[in-house]
Protein chains: 2
Amino acid sequence: MELSATAKVILGMLAARPRSGYEIKQLVDNSTRFFWAASYGQIYPELKRLEKAGLISGTDAPHGGRQRTVFDLTREGRKRAEEWISRPPEVFELRDEGLLKLFFAGVTDAARTPEIARERAAHAHVIAGRLREVERSLDLDGDGGPAVSPDAGSLTTLRYGIELNEWAAAWFERAADELEQGAAEAAPAKTNA
Amino acid sequence: MELSATAKVILGMLAARPRSGYEIKQLVDNSTRFFWAASYGQIYPELKRLEKAGLISGTDAPHGGRQRTVFDLTREGRKRAEEWISRPPEVFELRDEGLLKLFFAGVTDAARTPEIARERAAHAHVIAGRLREVERSLDLDGDGGPAVSPDAGSLTTLRYGIELNEWAAAWFERAADELEQGAAEAAPAKTNA
DNA sequence: TTAAGCATGTAAGGTGTTACATGATTGA
DNA sequence: TCAATCATGTAACACCTTACATGCTTAA
């Protein structure tokens, strides 16, 4: 049985400790969401599949009358998770509408390429800001010292996200400047003094 | 009618000039593939949908007995394409298995985080190399001068891809060094002199 | 008492890949 | 003549999001 995208994130999240489907979703949403998302519609069915396959096992753990199932890795599940993590990465997919627009604007409306590059820069800036907030919330976690003490791996991915987006914002701003210059040189009549 | 992901890339590709489905696929594969992919299974059905919606129109253009349909934007299609390009970008999706592994390795096997970071660096390096080849093939296009003379927009996206991946490769190498140092400090007994 | 959050789940529909099928043309 | 490439298309399947449905608990 091949691990699906959702199976990978579930096994990884359970490697630290047992969790419910709901908890997994919350965790994904404020950690891996930017590079590996998952919805309820994927998580709950996948939990059942993984249990049937013997990689995880669920235990009833109600809160009062509120139903709750907590899943833990089986020995086999832990083996699979560790084996997966140790293999070199394969999946890398990107869908970047800003780049696509920039790509086409060169043909349809070269004059607006600088503007599009700046919009893409602004977008990167917003993402960097959101990630910075996550970082701050980790620093202040609880009420003083670092309550959860995020491990080195997750901190590294967070910093990567922040620095990557800041780099991209700067890059697109510079590209916009250059595109403006190029346009000015190519068509000086337009800015005729 | 909302534009699907494939509709966007088709309209954009047709903005420069009329093309067949096959040509669109080739173009996508050696230009936007890294940030906006499309398969035949999407392209051909989408061409039919777009024609039915009146955004493109097909003309028979066989090569000998080899069937071929070339599509062009209608006036309405061009309007939609330009309008789409002028709106700020919305879609930005990423699926990065290397980051996910790094994220989890902090918990399951902190000692291997540097190795995983280096694998991710190597991956970025490979992508940068492939894009550099595309860039070189543009320079040498045909047999001397730049035959196709890529426009500013597409050149910008290509350079972005190259520089982004080179930046990422360097970033992950540095992160690997730091993770190694951190591990050495946290568990000095292991490297006990 | 009521809103927010905890908790689980499914149905419908869209998106996308892969593999397959067909057949013509071109160059080695 | 044979492989590569041009060219179109579909069927099966996997993936994923959104919206909806249900019901409990906690704090305002």
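Quick note: numbers below take in every heavy atom, side chains included, and nothing from hydrogens, waters or symmetry partners. Labels below follow one simple rule: chain letters A, B, ... track the order of the sequence lines, proteins then strands, and each chain is numbered from 1.
The ring of Phe172(A) has its center closer than 6.0 angstrom to the ring center of Tyr160(B).
At distances below 3.5 Å, not a single donor-acceptor pair connects side-chain atoms of Arg120(B) with backbone N or O atoms of Leu99(B).
Remark: Arg95(B) in residues 89-104 of chain B come within less than 4.0 Å of DNA chain D through at least one heavy atom. Of the residues in residues 9-26 of chain A, not one comes within less than 4.0 Å of DNA chain D through any heavy atom. Scanning residues 35-69 of chain A for heavy-atom distances under 4.0 Å to DNA chain D yields Ser39(A), Gly41(A), Gln42(A), His63(A), Gly64(A), Gly65(A), Arg66(A).
Remark: Arg118(A) engages Glu180(A) in a salt bridge, criterion side-chain N to carboxylate O under 4.0 Å. Between Glu135(B) and Arg132(B) there is a salt bridge, since at least one side-chain N of the basic residue sits less than 4.0 Å from a carboxylate O of the acidic one. Ionic pairing of Arg174(B) and Glu178(B) is present here: one or more N-O contacts between side-chain nitrogen and carboxylate oxygen are shorter than 4.0 angstrom. A salt bridge links Glu76(B) with Lys79(B); the closest basic N to acidic carboxylate O contact falls under 4.0 Å. Under 4.0 Å is where a charged nitrogen must lie from a carboxylate oxygen, and between Glu119(A) and Lys101(A) no such pair does.
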Side-chain donor-acceptor pairs of residues 51-69 of chain B under 3.5 Å, sequence neighbours excluded:
{"from": "Glu51(B)", "atom 1": "OE2", "to": "Gly58(B)", "atom 2": "N", "distance (Å)": "2.8"}
{"from": "Arg68(B)", "atom 1": "NH1", "to": "Ala61(B)", "atom 2": "O", "distance (Å)": "3.3"}
{"from": "Arg68(B)", "atom 1": "NH2", "to": "Glu23(B)", "atom 2": "OE1", "distance (Å)": "3.3"}

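Atom CZ of Arg87(B) has more than 12 neighbouring heavy atoms from other residues, nucleotides or ligands inside a 6.0 Å radius.
Side-chain contact check for Trp171(A) and Glu166(A): no donor-acceptor pair (N or O, by modelled atom type) lies under 3.5 Å.
Look at CG on Asp29(A): it is 10 Å from P on dT17(D), rounded to the nearest Å. For the pair Leu27(B) CG and dA7(D) P, the computed distance is 13 Å after rounding to whole Å. Computed from coordinates, the Phe71(B) CZ to dG9(D) C1' distance equals 12 Å when rounded to whole Å.
In this structure, His123(B) and Phe92(A) have side chains that are in contact, with non-hydrogen atoms separated by less than 4.5 Å.
Rounded to 10°, the helix from dT1(C)-dA28(D) to dA28(C)-dT1(D) has 30° between the axis fitted to its first five pairs and the one fitted to its last five.
Taking Tyr22(B) as the reference, nothing meets the ring-ring contact (aromatic ring centres under 6.0 Å, His included) condition, with sequence neighbours excluded.
With Glu46(A) as the fixed residue, the side chain to side chain contact (heavy atoms under 4.5 Å, CB included) test singles out one of Val9(A), Leu11(A), Thr6(A), Leu3(A): Thr6(A).
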